[in-house]
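Have a look at the structure below, then the notes.
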2 protein chains.
Amino acid sequence: MSAQTGDSISTLGPCGSCGQCLHCEARSRSICSVIDAEHMARLAQYSHRLAVAAGRTFIQEGETASDFFIVTSGHVKLFALMPDGRRQITGFAQTGDFLGLASGATYAFSAEALGALSLCRFSRSGLTLLRREFPELENRLMEEASRELVQAQKRMLLLGRKTARERLASFLLEQHHLLPAREITLRLPMSRTGIADYLGLTIETVSRTLNALQREKLITITQVTQIVLLNLPALENLARGG
Amino acid sequence: MSAQTGDSISTLGPCGSCGQCLHCEARSRSICSVIDAEHMARLAQYSHRLAVAAGRTFIQEGETASDFFIVTSGHVKLFALMPDGRRQITGFAQTGDFLGLASGATYAFSAEALGALSLCRFSRSGLTLLRREFPELENRLMEEASRELVQAQKRMLLLGRKTARERLASFLLEQHHLLPAREITLRLPMSRTGIADYLGLTIETVSRTLNALQREKLITITQVTQIVLLNLPALENLARGG
DNA sequence: CGTTGTGTTGACAACAGTCAAACATGGTGG
DNA sequence: CCACCATGTTTGACTGTTGTCAACACAACG
């Protein structure tokens with residue numbers, strides 16, 4: 001089963017058969033981490049690998065939620081849209097993350113590939129069977145759901161009650177916490193539009209506020225997508241609204 | 001084990017022993033719905049019933065998340081606070097709902113009893129054991145987590161991108177959908193302060209916007225906490241930002 | 001009947017949004 | 001190599017929605 005051309009979503013074959021699941025970076029956090037080699041073959045019955053082209057929206061809010069996905073490489077933007085184009089980014093997913101937990105009968109969000117992306121797809125019924133066969137999987141799913149819920153709470157407070165300055169400070173610190181060594185130099189993974197849609201602001205407000213923080217010597221904008229955090233305590237104080 | 005006085009949280013004894021779980025209204029949606037009478041006794045080992053006085057905050061954001069709860073009767077307000085007092089209500093819970101899914105090491109929210117409240121409390125470790133013994137429980141937990149995640153997505157869009165008018169329209173329709181017979185007369189379950197903290201607005205804006213909707217003949221405010229929806233299609237259109 | 005809590009209304013301020021123009025940046029092709 | 005264009009960002013002037021502060025209305029209650 002080779003990659004199909006002519007479509008921006010290609011089927012790459014069953015997941016379990018790829019060998020990747022046992023060795024890929026996703027393993028430590030994903031479904032694969034709870035399945036031993038012996039059972040990996042059975043995984044192939046339920047899952048398929050997919051390659052998604054950059055920029056492609058592969059989950060549409062409101063469509064029947066027939067599948068779950070696991071990101072095996074790349075980054076995904078999750079968002080909701082209003083008819084007039086207003087967009088709220090509800091989160092991002094990367095290698096190892098699940099997509100589709102926030103779904104009833106239909107998907108509650110849309111998902112777009114931020115770059116080249118590969119996924120593992122499970123039908124809902126397949127996942128149900130898998131969960132029965134691999135009880136450890138339940139823990140991983142609940143863990144992931146918990147993590148997403150905690151994050152959602154934080155974002156509701158941010159979107160409902162924080163000022164633009166506080167939102168940007170929170171955002172910069174969130175990016176900072178993602179860094180392995182807690183460096184103070186950030187490489188922003190998105191454009192001003194992305195930041196604005198994530199924080200519930202306009203691109204102009206994002207730009208102005210970032211420059212205001214620079215004037216106040218809390219940060220330095222070395223390049224458009226590169227920012228140095230000069231005063232972490234002040235940023236932390238600002239982020240919590242102190 | 002009788003109710004203790006002198007504290008606004010009283011221990012009522014083991015949950016399984018109360019007999020309530022097999023018959024209470026909570027049963028259809030709660031943990032109890034997947035446990036048969038034969039096993040109910042074991043439940044008592046892991047759970048305790050609690051009574052909480054009205055107004056009491058029984059979960060504090062940031063505290064060690066040692067327990068899960070199930071609401072067996074009454075209503076709960078879930079919220080996050082900022083140091084200066086800004087409050088964001090992240091949701092409500094009622095009979096049958098779980099509390100504590102949105103927790104890592106610590107609770108991500110505070111919880112307050114809106115009236116007289118009774119709960120079933122499970123230690124985290126107890127719940128882990130229960131999950132092993134009653135695999136059906138996993139489905140209920142995942143269902144609940146999914147439901148909360150879907151709602152969180154909707155609220156992020158509302159808080160990040162909707163205008164005051166759109167938020168109020170969304171809120172009124174949400175209340176409307178909770179009604180069994182889809183009556184058009186609503187009894188608001190909270191004060192203006194509650195609505196404001198739920199929608200990320202001030203009480204003044206809530207009051208003004210509600211009166212504006214009345215002037216436009218979309219609603220009638222018959223009493224402070226009673227509203228008649230006069231034009232559902234227009235409200236629905238407004239709520240989705242059309 | 002005052003008192004207290006809650007809701008409404010008004011005047012005003014401010015934060016963030018809108019619209020528009022100037023300014024970078026990066027890629028393309030001459 | 002440079003001119004050109006497309007895209008994205010910054011900046012400015014202005015508007016508008018929502019927040020703030022304060023006064024007032026009203027009901028519940030002792």
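Numbers restart at 1 for each chain; the letters A, B, ... are given by sequence-line order, proteins then strands. The basis for the numbers below is simple: all heavy atoms, side chains too, and nothing from hydrogens, waters or symmetry mates.
Between R147(A) and D97(A) there is a salt bridge, since at least one side-chain N of the basic residue sits less than 4.0 Å from a carboxylate O of the acidic one. With salt bridges taken as basic N to acidic carboxylate O contacts below 4.0 Å, one links D197(A) and R161(B). A salt bridge is absent between E174(B) and R167(B): the closest approach of a Lys/Arg side-chain nitrogen to an acidic carboxylate oxygen does not fall below 4.0 angstrom. Of the charged side-chain nitrogens involved, at least one lies within less than 4.0 Å of a carboxylate oxygen, so that R86(A) and E166(B) count as a salt-bridged pair. Comment: R165(A) engages E216(A) in a salt bridge, judged by a side-chain N to carboxylate O separation of less than 4.0 angstrom.
Mapping K162(B) and I221(A) onto DNA chain D by nearest heavy atom places I221(A) at the nucleotide closer to the 5' end.
Between atom CD of residue Q60(A) and atom CG of residue L81(A) there is a gap of 8.5 Å, rounded to the nearest 0.5 Å. Taking CZ from R155(A) and OG1 from T90(B), the interatomic distance works out to 14.5 Å, rounded to the nearest 0.5 Å.
Aromatic ring centroids of F92(A) and Y198(A) lie under 6.0 Å apart.
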Detail all sub-3.5 Å separations between protein N/O atoms and N/O atoms belonging to nucleotides 3-7 of chain C.
unit_1	atom_1	unit_2	atom_2	d
dG7(C)	OP1	R192(B)	N	3.2

Nucleotides 19-22 of chain C: which of its N/O atoms have a protein N/O under 3.5 Å away?
unit_1	atom_1	unit_2	atom_2	d
dC19(C)	N4	E204(A)	OE2	3.1

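Ring-plane geometry between Y107(B) and F69(B) is classed as tilted, the angle between the planes lying from 30 to 60 degrees on a 0 to 90 degree scale.
Within the nucleic acid shown, T209(A) has no heavy atom closer than 4.0 Å to any nucleic acid atom. At the heavy-atom level, G200(B) lies under 4.0 Å from the strands shown only through sugar-phosphate atoms.
Protein chain A touches strand DNA chain D; the 5'-most and 3'-most nucleotides with an atom under 4.0 angstrom of its non-hydrogen atoms are dT9(D) to dA13(D).
A donor-acceptor distance shorter than 3.5 angstrom exists from the side chain of K162(B) to the backbone of A239(B), with no hydrogens or angles considered.
Note: CG (N211(A)) to C1' (dA24(C)) measures 13 Å, nearest angstrom.
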